[in-house]
Amino acid sequence: MPLAIVQSRALTGVHAAAVAVECDLGPGLPTFAVVGLAETAVKESRDRVRSAIQNSGFEFPARRMVVNLAPADLPKDGGRFDLPIAIGILAASGQIPLKALENLEMIGELALDGSLRPVTGALSSSLAAGQAGHALLLPEGNAVEAALARTAPVLACRNLAEAVAHLRGTQPLPETVPHDEIGINAIPYPDLRDVRSQETVKRALIIAAVGGHHILLSGPPGTGKSMLAARLPGLLPPLRRSEALEVAAIHSLQSGGFDVQRWGQRPFRSPHHSASSAALVGGGSRPRPGEISLAHHGILFLDEMPEFSRSVLEVLREPLESGEIHISRAARQSAFPARFQLIAAMNPCPCGNLGNPHQACVCTPTQISQYRSRLSGPLLDRMDIQIEVPSLPVKLLQKAPEGESSAYWRERISAAINRQWQRQSCRNAQLQGEALDQHCALQPEGARLLTRAADTLHLSARGYHRILRLARSIADLEESTTISLQHLSEAIQYRRLAQRFIH
């Protein structure tokens with residue numbers, strides 16, 4: 001019997017590594033072995049594959065069968081190899097022509113009746129197959145998601161019989177037509193105009209949206225911090241196609257896969273303050289993305305930030321700088337992208353009334369100190385905008401909505417973001433090195449002002465550069481090619497407004 005080789009993909013983080021499923025039938029007592037560093041779920045595929053082949057009306061060879069998943073040093077898990085193993089066995093036993101396996105990859109989990117169940121990571125597999133110049137055969141439930149890649153022909157089948165009929169050439173499967181415009185602007189976000197008063201805070205939120213800056217809102221309960229945070233996604237334009245693919249690939253790793261109705265939408269993740277470090281950064285014996293990776297190219301909202309444990313908050317420091325997170329386990333190492341925009345909300349003290357003119361604070365100095373100590377200096381230094389959200393008198397809340405709508409600001413913010421991409425190929429918050437010096441250059445009077453501010457506020461080098469990036473975003477919003485004293489002064493002010501609440 002000839003050796004049959006079926007190409008497939010194993011997930012390693014957000015990427016899909018090539019796996020060759022080698023099926024060999026030899027003489028001897030009937031046995032069925034799966035080798036090649038296969039985990040429990042893969043080894044269990046022997047029984048699923050046997051039943052699926054027989055219940056689909058095909059012959060299961062009564063031979064000594066060895067299935068090798070190469071390379072052997074790559075961990076393999078899940079039921080994604082069921083379909084390639086079954087096809088390999090049928091090809092090795094002469095029930096499918098070997099030539100039909102050329103330039104074709106396949107993934108899919110088999111049910112006992114031969115039907116195919118969706119698997120995770122279909123989009124990553126489709127992207128990788130396209131780069132290799134192969135078509136991808138997979139379950140019907142993964143077809144629309146996989147077709148978003150637009151790099152590989154996607155062939156969807158409902159069961160093993162349809163896959164075999166396609167490979168035999170009797171009933172070719174049609175190529176799935178991609179629908180990558182689904183979901184754009186489909187989600188109605190709350191309008192910024194609904195927020196009464198708080199003009200200074202709304203201005204800060206708009207500037208944060210322009211440059212992708214992190215923002216910390218501090219103020220008493222009920223002042224609108226969460227309400228403001230919920231309006232940030234509505235200020236941002238849809239994702240660029242490359243960004244949308246990255247986001248979809250990460251969410252494709254989740255159980256249930258990626259919801260194609262959310263194509264092009266920026267993620268908004270809001271974990272509860274009881275979340276663990278692993279929930280935030282990801283992990284597990286089979287590393288999966290956490291909240292910060294699921295917020296990639298979107299927004300991570302931490303409400304009641306000091307209520308998170310300090311150890312959980314500290315894990316944010318690396319991805320806030322690098323834009324990715326590395327997870328190491330004994331058997332494997334995985335890297336997930338995590339370039340998110342952080343918006344956090346906090347009360348000024350445990351009771352929330354410190355600085356509230358309408359209600360007295362009942363916290364002791366020790367309680368206030370312990371509450372604020374959960375936010376370390378290095379973490380706060382990474383927050384570009386730190387601003388107070390004051391309580392409002394009732395008469396302001398009774399006024400009719402004022403100001404421009406989110407749609408108006410989204411148009412202006414989109415134009416400012418496009419200028420950034422054309423000028424420097426990234427958002428202002430990501431400017432580094434020579435690009436930072438070039439695009440955030442100051443006039444002599446601006447340099448003197450920032451020097452005085454750095455001495456007065458005891459700014460670190462990180463804080464100094466974050467003010468420069470923030471000033472650049474303010475200038476972009478005003479359609480200015482240079483950073484003026486007014487832009488720089490406003491940027492410095494956003495580092496000062498919350499000093500008495502935080503330090």
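Residue indices begin at 1 and follow the sequence shown.
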| query | Under 4.5 Å between any side-chain heavy atoms of R231 and D194, yes or no? | reply | yes
| task | Count the heavy atoms belonging to other residues, nucleotides or ligands that lie under 6.0 Å from CD of Q254, then report whether that count exceeds 12. | result | yes
Going by atom type alone, with no hydrogens or angles, which donor-acceptor pairs under 3.5 Å involve a side-chain atom of residues 126-135 and a protein atom two or more places apart or on another chain?
residue: S126; atom: OG; partner: A146; partner atom: O; Å: 2.8
residue: H134; atom: ND1; partner: E105; partner atom: OE2; Å: 2.8

| Nearest atoms (heavy-atom pairs only) where L155 meets H166 | CD1-NE2, 3.4 Å
| request: Report yes or no: does S293 contribute a side-chain atom to a donor-acceptor pair with the main-chain N or O of P337 at less than 3.5 Å? | output: yes
I need the [X] [atom1] to [Y] [atom2] distance, nearest 0.5 Å.
{"X": "I387", "Y": "L217", "atom1": "CD1", "atom2": "CG", "result": "7.5 Å"}
{"X": "T151", "Y": "L148", "atom1": "OG1", "atom2": "CG", "result": "10.5 Å"}
{"X": "N418", "Y": "I413", "atom1": "CG", "atom2": "CD1", "result": "12.0 Å"}

| field | Residue pairs fulfilling salt bridge (Lys or Arg N to Asp or Glu O under 4.0 Å) with at least one residue in residues 463-492, sequence neighbours excluded | value | R203-E478, R203-E490, E321-R466, D384-R466, R423-D476, R472-D476
Considering only distance and modelled atom types, tabulate donor-acceptor pairs under 3.5 Å from the side chains of residues 448-458, sequence neighbours left out.
residue: T451; atom: OG1; partner: A447; partner atom: O; Å: 2.8
residue: T456; atom: OG1; partner: R452; partner atom: O; Å: 2.9

| query | Think R240 forms a cation-pi with W421, using NZ or CZ under 6.0 Å from the six-ring centre and within 45 degrees of its axis? | reply | yes
| request: Please state whether the rings of F340 and H214 are parallel, tilted or perpendicular, taking 30° and 60° as the class boundaries. | output: tilted
